[in-house]
Amino acid sequence: MPLVSFHDVGKTYRSLQGVDDVAVEHFNVEIEAGEFFCLLGPSGCGKTTVLKMLAGFEAPTAGHILMEGRPVRGASRDRAVVFQGDDSLYGWLTAIENVEFGLRMRHVGKAERCERAMHYLELVGLKGQEQKYPAELSGGMKQRIQIARVLANEPTMLLMDEPFAALDAQTRSLMQEELASIWRTTRTTVLFITHDIDEAITLGKRIGVMRAGPRSQVKGVIEVALNGARSRTDDVFLQYYRQVHDMIRDEVAKAMAK
Ligand SMILES: Nc1ncnc2c1ncn2[C@@H]1O[C@H](COP(=O)(O)OP(=O)(O)OP(=O)(O)O)[C@@H](O)[C@H]1O
Ligand SMILES: [Mg+2]
């Protein structure tokens, strides 16, 4: 049984003027436990909508979503979310206190809290920065703390919506490598949203390509048979790039024409 399955999921938004806008329709995808699944699609095609429905922030208006065989109803700690340019760290808490926060809310004892927080701070490469406040950290460091914070809660699944979009190219590339290595260590199931083909091939085990909206759905799923660190200059990487690019090209053109 897959960890997550979308069955003919649809989402219709109703505007303030009462006009219906069908963002997503007949969306079908299955995500296996331990898999890194990238969802790729042009701007406005409905990627965030899909993520919000799985997170439980928005309810589907058609079909249903199952996680571990049970319908998704509302948000839950087993599905942790990291949004684009997310700036939800608490400014009055240090890096380590931010990472510990969820554990403290669940009454985990101080020693264990501290140990777990340090483990995840180390995993995201921030050992030695634990006593700094968010205002003393760079954008990339803050984003890494967000990731450490959600990982510390040991969710079943990580939902990431273009988490590196606001970073400069170098930091972004470092963060991608770090996330790939964290995933290889923890094997947490990830749904990662991006509109960047490179990023999808660097990270994904499978890539679901979405059609341009409205009424968007999955056009096809590409399996990336690359193990370990992936280099953009490898021939196989470039072959995947071409394959994904061919699939998404028309969709981007359609999205631009609107
Ligand atoms: N809360 C909302 N109310 C009404 N319409 C919405 C709402 N959220 C999204 N939409 C519409 O649904 C469609 C899909 O939006 P969504 O944010 O899911 O796209 P996206 O693929 O994440 O885009 P981007 O790549 O730009 O982030 C768009 O047409 C958008 O206008
Ligand atoms: Mg979005």
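In listed order, ligands and their atoms are each counted from 1.
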Is it true that L191 and V221 fall in one hydrophobic cluster, defined by side-chain heavy atoms closer than 4.5 Å?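 Both belong to a single hydrophobic cluster.
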Find out whether K219 and E251 are in side-chain contact, i.e. whether some heavy atom of one side chain is under 4.5 Å from a heavy atom of the other.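 Answer yes - side chains close enough.
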Could you tell me if [Y] and [X] have a donor-acceptor pair between their side chains, going purely by distance under 3.5 Å?
| X | Y | result |
| --- | --- | --- |
| Q176 | E199 | yes |
| R149 | Q146 | yes |
| E223 | Y240 | no |

Hey, could you give me each pair passing side chain to side chain donor-acceptor pair (under 3.5 Å) that has a residue in residues 97-106? Not counting sequence neighbours.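 Counting only pairs at least two positions apart or across chains, the side chain to side chain donor-acceptor pair (under 3.5 Å) contacts touching residues 97-106 are T94-E97, E100-R113, R106-N153.
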Only pairs at least two apart or in different chains count here, so list each side chain to side chain donor-acceptor pair (under 3.5 Å) that has a residue in residues 48-57.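 Side chain to side chain donor-acceptor pair (under 3.5 Å) check on residues 48-57 returns Y13-T49, T48-D161.
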What is the total of protein N/O/S atoms that are closer to the Mg ion (ligand 2) than 2.8 Å?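 Near the Mg ion (ligand 2), the number of protein N, O or S atoms below 2.8 Å is 1.
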Plane angle bin for [Y] and [X] - parallel if under 30°, tilted between 30 and 60°, otherwise perpendicular:
| X | Y | value |
| --- | --- | --- |
| F57 | F83 | tilted |
| H64 | H7 | parallel |
| W92 | Y90 | tilted |

Measuring from the heavy atoms of [X], does anything fall under 4.0 Å of ligand 1?
| X | result |
| --- | --- |
| G44 | yes |
| G213 | no |
| E162 | yes |

Can you give each donor-acceptor pair under 3.5 Å made by side-chain atoms of residues 37-46, sequence neighbours left out, with the distance rounded to 0.1 Å?
none

Applying a heavy-atom cut-off of 4.0 Å, say which part of D161 lies close to ligand 1: side chain, backbone, both or neither.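 No part of D161 is near ligand 1 at this cut-off.
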Could you identify the single nearest non-hydrogen protein atom to [atom] and state the distance to 0.1 Å?
| atom | result |
| --- | --- |
| atom 26 (O) of ligand 1 | S43 OG, 2.7 Å |
| atom 3 (N) of ligand 1 | Y13 CD2, 3.5 Å |
| atom 19 (O) of ligand 1 | G46 N, 3.2 Å |

Ligand 1 N/O within reach of [X] N/O, cut-off under 3.5 Å:
| X | value |
| --- | --- |
| E58 | no |
| A23 | no |
| K47 | yes |

Between T12, D20, T48, L40, which one has a non-hydrogen atom sitting closest to atom 17 (O) of ligand 1?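 Among T12, D20, T48, L40, the closest heavy atom to atom 17 (O) of ligand 1 belongs to T48.
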Heavy atoms of the protein only: does one fall short of 4.0 Å from atom 9 (C) of ligand 1?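 Given the 4.0 Å cut-off, atom 9 (C) of ligand 1 counts as touching protein heavy atoms.
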Can you list the atoms of ligand 1 that are under 4.0 Å from a heavy atom of D21?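 Checking each atom against D21, I get 29 (O).
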Contacting atoms of ligand 1, where contact means under 4.0 angstrom from a heavy atom of T49: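 Counting from 1, the qualifying ligand atoms are 14 (C), 15 (O), 16 (P), 18 (O).
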State the NZ-OG distance between K11 and S216, to the nearest 0.5 angstrom.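 One finds 15.0 Å between NZ of K11 and OG of S216.
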Could you go through D196 and T194, starting from their C-alpha distance and side-chain angles, then the distance that decides it, and tell me whether this counts as side-chain hydrogen bond (donor to acceptor under 3.5 Å, both in side chains)? CA-CA 5 Å; D196 185 313; T194 181; 5.3 Å; no
